[in-house]
Each structure stands twice: as structure tokens, then as C-alpha cells.
Protein chains: 4
Amino acid sequence: MPKIVDHDRYRKELLRKSFDLFAKKGYGSISMRQIARGIGVSTGTLYHYFPSKEVLFEQLIEEITQQDIIRATAEIEKLETTDEKIKCLFNFLDREEDYFLKQVLLYVNFYQQHQNREVLKRTYQRCRDAFMESSKITDPAIASLILSVIDGILLQRAFDRQSVSLQQQGELLAQMLSAYLDQ
Amino acid sequence: MPKIVDHDRYRKELLRKSFDLFAKKGYGSISMRQIARGIGVSTGTLYHYFPSKEVLFEQLIEEITQQDIIRATAEIEKLETTDEKIKCLFNFLDREEDYFLKQVLLYVNFYQQHQNREVLKRTYQRCRDAFMESSKITDPAIASLILSVIDGILLQRAFDRQSVSLQQQGELLAQMLSAYLDQ
Amino acid sequence: MPKIVDHDRYRKELLRKSFDLFAKKGYGSISMRQIARGIGVSTGTLYHYFPSKEVLFEQLIEEITQQDIIRATAEIEKLETTDEKIKCLFNFLDREEDYFLKQVLLYVNFYQQHQNREVLKRTYQRCRDAFMESSKITDPAIASLILSVIDGILLQRAFDRQSVSLQQQGELLAQMLSAYLDQ
Amino acid sequence: MPKIVDHDRYRKELLRKSFDLFAKKGYGSISMRQIARGIGVSTGTLYHYFPSKEVLFEQLIEEITQQDIIRATAEIEKLETTDEKIKCLFNFLDREEDYFLKQVLLYVNFYQQHQNREVLKRTYQRCRDAFMESSKITDPAIASLILSVIDGILLQRAFDRQSVSLQQQGELLAQMLSAYLDQ
DNA sequence: CATGAATGAGCCTTCATTCAT
DNA sequence: AATGAATGAAGGCTCATTCAT
């Protein structure tokens with residue numbers, strides 16, 4: 001009989017614990033040793049659950065994307081109009097700006113270190129599809145544009161904290177979209 | 001004329017030569033040794049002109065931002081309407097998408113390695129101011145939003161090459177803005 | 001019949017299955033984990049049957065040496081003259097050159113990792129004795145020389161595939177020996 | 001003006017100093033750190049002179065092969081008959097048996113770790129050519145056979161110290177060859 | 001001014017073995 | 001008997017920077 005450890009459950013626990021560590025230092029700047037120590041296991045154990053840093057991070061992305069989509073959907077699905085949904089989404093993102101900024105930076109950093117576009121592409125598409133679903137926006141270009149704005153603002157505000165906030169830009173964007181659709 | 005001039009001229013030449021190397025490998029992934037070798041000088045010489053990798057890169061940013069603003073301004077200043085200017089800008093960026101994507105990635109990477117927000121903030125503000133100047137957009141929030149869209153699209157397309165292009169989104173954004181302003 | 005039999009039978013089965021894995025990667029380059037996985041058991045089970053990688057390999061050597069001696073003897077014992085026997089032996093080895101080269105490499109690798117000379121010495125002596133027995137060569141020096149030639153050629157051809165083949169050298173050696181003995 | 005170090009001379013000095021370390025522990029079992037420490041430099045310095053452990057070893061092989069060929073040639077070139085030359089060569093090798101055994105083991109170990117056959121092939125061919133040149137043996141197969149015997153005996157005696165010595169086998173081989181050629 | 005040799009901490013990853021279950 | 005989780009030292013190699021010349 002094997003040691004009683006639910007491999008998969010424990011793996012996800014390790015993933016969860018590792019997010020903060022990645023977020024704090026960035027993908028390329030935190031070492032597997034640091035992650036292991038921060039989580040409270042040996043490097044050997046870490047490699048027992050994940051074959052490489054790259055795969056560890058990929059799995060982390062999949063996990064948190066899933067959670068984030070659930071949370072964002074919960075926020076906006078109860079609302080009526082697209083206008084409200086957009087404002088609400090930007091509001092939600094604004095409230096957790098630090099968290100989402102860290103994600104963007106993490107993704108970019110990961111992309112730079114490996115060729116690996118796959119996970120990021122998949123992640124982006126899942127976000128866009130989920131957003132289209134719950135916002136009733138049917139034009140992919142518009143959905144894409146809105147997501148671009150989010151990433152762009154997060155980045156901009158990473159560099160310049162005084163730049164316009166997500167909430168403010170959310171309202172502006174919602175108005176622009178209304179005007180455009182009402183045309 | 002004192003030697004200062006030659007020193008300065010040579011410094012800028014080194015900067016110019018180093019851009020491609022940074023662009024090709026990313027800020028964190030190219031070493032000072034590789035840069036030196038690629039440029040054709042010794043590491044000692046590189047450190048003679050730039051006190052650190054960080055400073056070298058800061059100066060590089062300042063240089064290329066200046067050049068890019070000049071080029072972008074030249075593209076759009078001759079046009080009449082804001083609508084045309086936006087479309088033209090996105091067109092310009094689309095034509096050199098790879099180049100501008102590399103820049104965004106470079107900036108993010110630099111930001112992650114050092115805490116150094118200063119240069120990036122300054123750079124962003126210079127871009128926004130120049131854009132407001134030449135596009136006749138007076139609302140900083142709108143200008144900011146447009147720049148956000150650009151960065152966001154570049155990033156998105158880094159991950160998913162099939163995502164909507166800068167040119168297409170430029171047209172959509174221009175229409176939305178027109179509708180919004182004509183309200 | 002006690003369980004001992006099953007235990008022993010299973011042990012030999014594990015040995016048999018592990019040879020290919022050792023051969024493919026070399027003694028030092030394959031890990032116990034890889035062997036276990038390749039065989040289809042857990043590392044724990046492997047260590048249940050063999051106290052260490054070293055012992056596992058020792059037992060493996062004993063097993064395959066026994067098999068190889070049987071096969072080689074079968075090849076040459078039916079022949080009449082020493083001359084024919086030598087040619088036949090080299091022919092046999094040539095046909096399975098890859099297999100025997102792997103063995104030599106494995107032995108050397110094992111010798112280098114541990115100081116352990118014992119098994120290898122025993123193995124070599126068993127081979128020489130068996131060869132003297134079945135080839136009717138009574139001078140140990142001559143038998144030894146012939147075996148040296150075999151190992152030497154295998155090694156030489158490991159480095160230089162164009163080097164003279166076992167078969168060709170077998171004929172040359174047989175002629176030299178005939179000339180020497182006929183003197 | 002650069003630091004006054006004759007790069008090439010120093011490189012060869014490092015090579016010379018590293019041989020004993022390789023010989024003592026084997027190619028795969030000594031680490032670059034251990035070599036660096038043993039030589040008295042930092043790992044960084046070692047990597048300044050050699051791009052990798054593999055290349056370091058390749059260069060080491062080339063160096064010592066050159067030296068060994070010179071020494072072996074000096075030993076046998078003054079002699080008259082092929083018979084004497086062979087005996088003399090085996091005598092020479094016997095006197096430095098430990099040294100030459102280490103080389104064989106090193107080569108095998110290196111071959112196992114990398115695919116890299118190139119250097120070893122080149123080295124072997126240089127040895128054979130030099131031997132043919134100075135021994136007046138014109139048949140490549142015979143030269144090859146003699147070299148095989150040497151490697152084979154070294155290996156055999158690595159495993160079994162009581163096995164027949166190089167010197168003894170040299171005499172036997174010389175006689176066999178004489179008989180064969182006199183036929 | 002310019003050179004490039006030198007540093008040594010740190011990177012990701014692997015390993016034989018142990019032992020609780 | 002059998003499992004596989006856990007260990008942590010050690011592997012090859014890179015890096016920004018310093019400094020003697």
C-alpha cells in the first residue's frame with residue numbers, strides 16, 4: 001500500500017502555494033530552490049510532482065485562469081446590459097489590480113524565457129471565449145479589443161502609477177462602445 | 001571642441017549597435033559579454049561607457065523612444081482628422097509589429113529585473129504627450145486608452161498570432177471614438 | 001515448495017528486463033528510477049530485490065555471462081580445428097557486435113563508478129576458462145591474447161566504425177596463430 | 001593594454017594540470033568545480049578558457065596524444081627489426097601501464113557520456129598512422145590488430161591484475177607475427 | 001582609454017536511497 | 001510484498017561586474 005498521499009490534490013496544493021512566490025519575484029527571477037524552500041519541501045519533491053519549472057508554471061497558469069474566469073463570470077453574469085457588464089468587469093479587475101498585473105508580467109516573462117506560446121495562446125483564448133459568453137458580446141474583434149485594453153492598462157500602470165485607472169477607463173470604454181453600437 | 005564630443009558620439013554608436021542584440025534575446029537573457037562581443041568591443045570598454053547594464057539599457061530606451069516618436073509623428077501629422085490619424089498610427093505600428101513587440105517585451109523584462117520604474121514612466125509619458133500633440137486629442141484619458149490598446153494588442157498577438165491585427169483594431173477603435181465624440 | 005522459488009524466479013525476470021535498459025543508456029547514465037519505470041515496478045520493489053544498483057548490476061553480469069558462454073560454446077564446440085574455432089568465434093561476435101560492444105562499455109563504466117573489480121575479474125576468468133575448454137587452447141597466455149584482441153577491436157570500432165572488422169581480424173589472427181603453432 | 005597573460009600558453013598549462021584530476025576520477029565522475037579547485041582557479045576562469053567540459057577534454061586528448069606519440073616513437077624508431085620494435089613498444093607501455101590504462105578508461109567514459117566519436121576516431125587514427133610509420137608495418141590490418149591487443153590487455157588487466165602482462169604478451173605477439181610473416 | 005582574465009554565487013535539474021504506509 | 005514520496009548534495013554552466021595591466 002503506498003504512502004497515503006493524494007497525488008493530484010497535493011500537486012494542486014503545491015501549485016497554489018507557488019503562485020505567490022512566482023508573483024513576488026517573476027517567472028525568471030525565482031529559482032526552483034526558492035520555490036521549494038518557500039513551499040516547505042525539498043527541490044527533489046518539487047521535481048517529483050513537476051518535471052520542470054516550465055511545466056510547473058504551465059500548470060499554475062491553467063489552474064489560476066480557471067479560477068479567475070469563474071470569479072469574473074460570477075461578477076458580471078448577473079448584470080443586464082453589456083454596458084454594465086464592462087464597467088463591472090473593469091471594477092473587479094481594478095479591485096485586484098496588483099494580482100492581475102502580476103499575472104500579465106508573469107505571462108510575458110514566461111513567454112520570453114521559453115518559446116512556449118501554446119499555454120499562453122490557449123489561456124488567452126479561454127479568457128476571450130468566457131468573456132464573450134458572459135458579456136453577450138458576439139463580435140470577436142470587440143471582445144478582443146476590450147481584453148487588449150485591460151492588458152494595456154495594467155502594463156501602463158505598472159510603469160506609471162499615475163496613469164488613468166482601470167475603473168475610469170472601463171467607464172470610458174463602455175461609453176465608447178455604447179455610442180458605437182447605438183450608431 | 002573637447003573630446004567630450006567624440007566620447008558622446010561613440011557612446012551613441014554603441015547604443016545603436018546594441019539594440020538589435022537586446023531585441024533578439026531580451027533584456028535579461030543577453031549578457032554584457034555577449035553584447036560586447038556582438039558590438040565588437042571588450043566588456044571593459046562597455047563598462048567604460050556605461051556604468052551598468054541597467055544604465056546602458058536606460059540610455060538605449062531614451063534613444064529609440066526619441067527616434068520612434070519622430071517617425072510616428074511624421075506619419076500622422078500631415079493628416080487632417082483624428083480618425084485618419086488613429087488609423088494611420090495603427091497602420092504604421094502594424095507594418096513594424098515585430099519591432100514594437102520587441103520593445104514592449106524589452107520594457108516589461110527590464111521592469112521585472114530591476115524595480116526601476118523611472119525611465120519607463122518617463123518614456124510612456126513622452127509617448128502620450130507626443131501623441132496628444134500630434135493627434136489633436138486633448139483628453140488624456142482617451143490618449144491613454146489608445147496607447148493601452150496598442151500595448152494590449154501587441155501582447156495579445158505575441159501569445160496568439162491569429163488574434164485580430166493592429167490595423168483591424170485600429171479601424172474599429174477609430175470608429176468607436178468617432179461615434180463617441182459625435183454623440 | 002517455499003516462496004523462495006518464486007522470489008528467485010521473479011528476481012531473474014527483473015534482471016532480464018533490466019539488461020536492455022542498461023545497454024541502451026550505460027551503467028552510470030540510467031537511474032534506478034528509470035530502470036524501475038522501464039521494468040514496470042516501483043523503485044521500492046526494485047530495492048526489495050536488489051540492495052543497491054551495484055548489486056543489481058553484478059547479478060546482471062553473472063546472468064548474461066552465463067548465457068553468452070553457453071551460446072559461444074555452442075557455436076564453436078562442434079568444429080574440429082582451433083583455426084576454425086577462432087574464425088567461428090569472431091564471426092559470432094561480429095554478428096552481434098552491438099550487443100557485445102555494449103557489454104564492454106557497461107563493464108568499463110561499472111568499473112569506473114565503483115572500485116569493484118571482483119565481479120569483472122570473475123567474469124573475465126570464466127570467459128577465458130570456458131574459451132580454453134572449448135577451443136582446445138591450453139596456453140593461458142594465448143587464450144588471454146585472443147580475448148584481448150576481441151575487447152580491443154570492439155573498443156576500436158566503437159571509436160572508428162571504419163576500423164577493421166571482427167571477422168577480418170579473426171581470420172588474420174587465426175592465420176598468425178597457425179603459423180606460430182606450426183613453427 | 002590587456003592583462004599580460006599568454007592565453008594559449010596558460011590554456012595548455014590548465015590542460016596539463018587537469019589531466020591528473022581526470023585520470024584519478026574518470027571523465028564523468030569529476031566535476032568542473034573539482035577540476036577548477038584542483039587547478040587552483042575559479043569555475044568561471046575554467047569556463048573562460050574552455051567553453052565546456054567536453055571541449056576541455058577534447059583538447060586534453062589532443063595534447064596528450066601528441067606527447068605520447070612523440071615518446072613512443074622515440075622509443076622504437078632507433079630499433080632495427082619489427083620484432084624488436086613491437087617488444088620495445090609493449091615494454092614502454094608496460095612501464096607506464098597505469099598511465100595508459102587511465103587513458104583508455106577516460107576515452108571510454110568520454111565516449112559514453114557524449115555521442116562525440118570524432119576526437120576519439122581522430123586520435124585512434126593518429127596513433128595507428130604514427131605506429132605504421134615508425135614500425136615499418138605497412139598492412140593496416142596488422143597495425144590495427146596490434147593496437148587492439150594493447151587496448152584489450154589494458155582493459156583485461158584493469159579487471160584482473162593477475163592477467164598476463166603487456167610485456168609478456170608483447171613477446172608472444174611479436175613471435176606470432178614473425179612466424180606469420182616468415183611463412 | 002581599452003582590454004579580457006577572474007570571480008563565485010546562483011541557475012535548473014538529477015540521483016541513489018530510505019521509509020511510512 | 002509493494003509502493004512512491006521525500007531527500008539534499010551535486011552536476012554543468014552563466015552572469016554582472018571588477019581590476020591589473
Side-chain angles (χ1 to χ4, degrees), chain A residues 1-7 10-11 14 28-37 40-56 113, chain B residues 3 6-7 10 28-37 41-56 113-114, chain C residues 3 6-7 10 28-37 40-56 113, chain D residues 1-7 10-11 14 28-37 40-56 113:
Chain A
M1 217 69 68
K3 238 179 212 179
I4 293 177
V5 175
D6 184 330
H7 187 99
Y10 193 47
R11 206 196 83 238
L14 295 180
S29 298
I30 194 164
S31 70
M32 286 296 264
R33 257 206 282 274
Q34 288 170 315
I35 295 172
R37 209 154 287 183
V41 299
S42 67
T43 56
T45 297
L46 207 50
Y47 275 93
H48 182 71
Y49 286 93
F50 309 98
S52 68
K53 192 185 180 185
E54 187 175 358
V55 169
L56 163 57
Q113 307 257 337
Chain B
K3 266 209 159 185
D6 288 327
H7 184 281
Y10 192 46
S29 299
I30 193 163
S31 69
M32 286 296 264
R33 223 186 172 192
Q34 286 171 313
I35 295 172
R37 208 158 283 186
V41 300
S42 67
T43 57
T45 298
L46 207 51
Y47 273 93
H48 181 72
Y49 285 94
F50 310 98
S52 69
K53 192 184 180 186
E54 188 175 357
V55 168
L56 162 57
Q113 307 255 336
H114 311 283
Chain C
K3 267 209 158 183
D6 288 326
H7 184 282
Y10 192 46
S29 298
I30 194 163
S31 69
M32 285 297 264
R33 222 186 173 193
Q34 287 170 313
I35 295 172
R37 207 158 285 187
V41 299
S42 67
T43 57
T45 298
L46 207 52
Y47 274 92
H48 180 73
Y49 285 94
F50 309 98
S52 69
K53 192 184 180 186
E54 187 175 359
V55 168
L56 162 57
Q113 307 255 337
Chain D
M1 219 70 67
K3 240 179 210 180
I4 293 177
V5 176
D6 184 330
H7 187 99
Y10 193 47
R11 208 196 81 238
L14 295 180
S29 299
I30 193 163
S31 70
M32 285 298 263
R33 258 205 279 275
Q34 287 170 315
I35 295 172
R37 209 153 286 183
V41 300
S42 67
T43 56
T45 297
L46 206 50
Y47 275 93
H48 182 71
Y49 287 93
F50 309 98
S52 69
K53 191 184 181 186
E54 188 175 358
V55 168
L56 163 56
Q113 307 257 336

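Because only heavy atoms are used, hydrogens play no part in the values below, and waters and symmetry mates are left out as well, while side chains stay in. Source: prediction; values computed, not measured.
Within 4.0 Å (heavy atoms only), M32(D) reaches sugar-phosphate atoms of the nucleic acid but no base atom. Across all strands shown, I35(D) has no heavy atoms under 4.0 Å from either base or sugar-phosphate atoms. Looking at heavy-atom distances under 4.0 Å, Y49(C) makes contact with sugar-phosphate atoms alone, never a base. Using a 4.0 Å heavy-atom cutoff across all strands shown, L56(C) reaches no nucleic acid atom at all. As judged by a 4.0 angstrom heavy-atom cut-off over every strand, Q34(A) is placed among residues touching the sugar-phosphate backbone only.
With distances taken from any side-chain atom of S42(A) to the nucleotides dG8(F), dT14(F), dT3(F), the minimum falls on dG8(F). Taking the side chain of S31(A) as heavy atoms from C-beta on, and the options dC12(E), dC13(F), dA16(F), the nearest nucleotide is dC12(E). Nearest to the side-chain atoms of T45(A) among the listed nucleotides dA2(F), dG11(F), dT7(F) stands dT7(F).
S29(A) pairs by the side-chain hydrogen bond (donor to acceptor under 3.5 Å, both in side chains) definition with nothing, not counting sequence neighbours.
Distance CG (D6(A)) to C1' (dG4(F)): 14 Å, rounded to an integer number of Å. Here dG11(F) presents its C1' atom at 13 Å from CD of Q113(C), a figure rounded to the nearest Å. Atom CZ in F50(B) sits roughly 13 Å away from atom P in dT17(F) (whole-Å rounding).
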Original post:
What pattern of brackets, bars and dots sums up DNA chain F from 5' to 3', given Watson-Crick or G-U wobble pairs under 3.5 Å, [ ] for crossing pairs and | for another strand?
Top reply: .||||||||||||||||||||

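Neither OP1 nor OP2 of dT14(F) sits under 4.0 Å from any side-chain N or O of Y47(D).
Of the two residues contacting DNA chain E, namely V41(D) and H48(B), the nearest-nucleotide position lying further toward the 5' end is that of H48(B). Checking G44(A) against L46(D), the closest nucleotide of DNA chain E that is more toward the 5' end is the one next to L46(D). Residue order along DNA chain F, read from the 5' end via each residue's closest nucleotide, puts S52(D) first among S52(D) and E54(B).
Contacts classified as side chain to side chain donor-acceptor pair (under 3.5 Å) and involving residues 41-53 of chain B (residues at least two apart or in different chains) are given here: S42(B)-T45(B).
At a cut-off of 3.5 angstrom, counting only N and O atoms as typed in the model, there is a donor on one side and an acceptor on the other between the side-chain of R33(D) and the base of dG10(E). With hydrogens and angles ignored, a donor-acceptor pair under 3.5 angstrom links the side chain of T43(C) to the base of dG4(F).
Side-chain contact between L56(A) and M32(A) is present, with at least one heavy-atom pair separated by less than 4.5 Å. The closest side-chain heavy-atom distance from Y10(C) to V41(C) is below 4.5 Å.
Here, dC1(E) and dT21(F) have their C1' atoms 13 Å apart, quoted to the whole Å.
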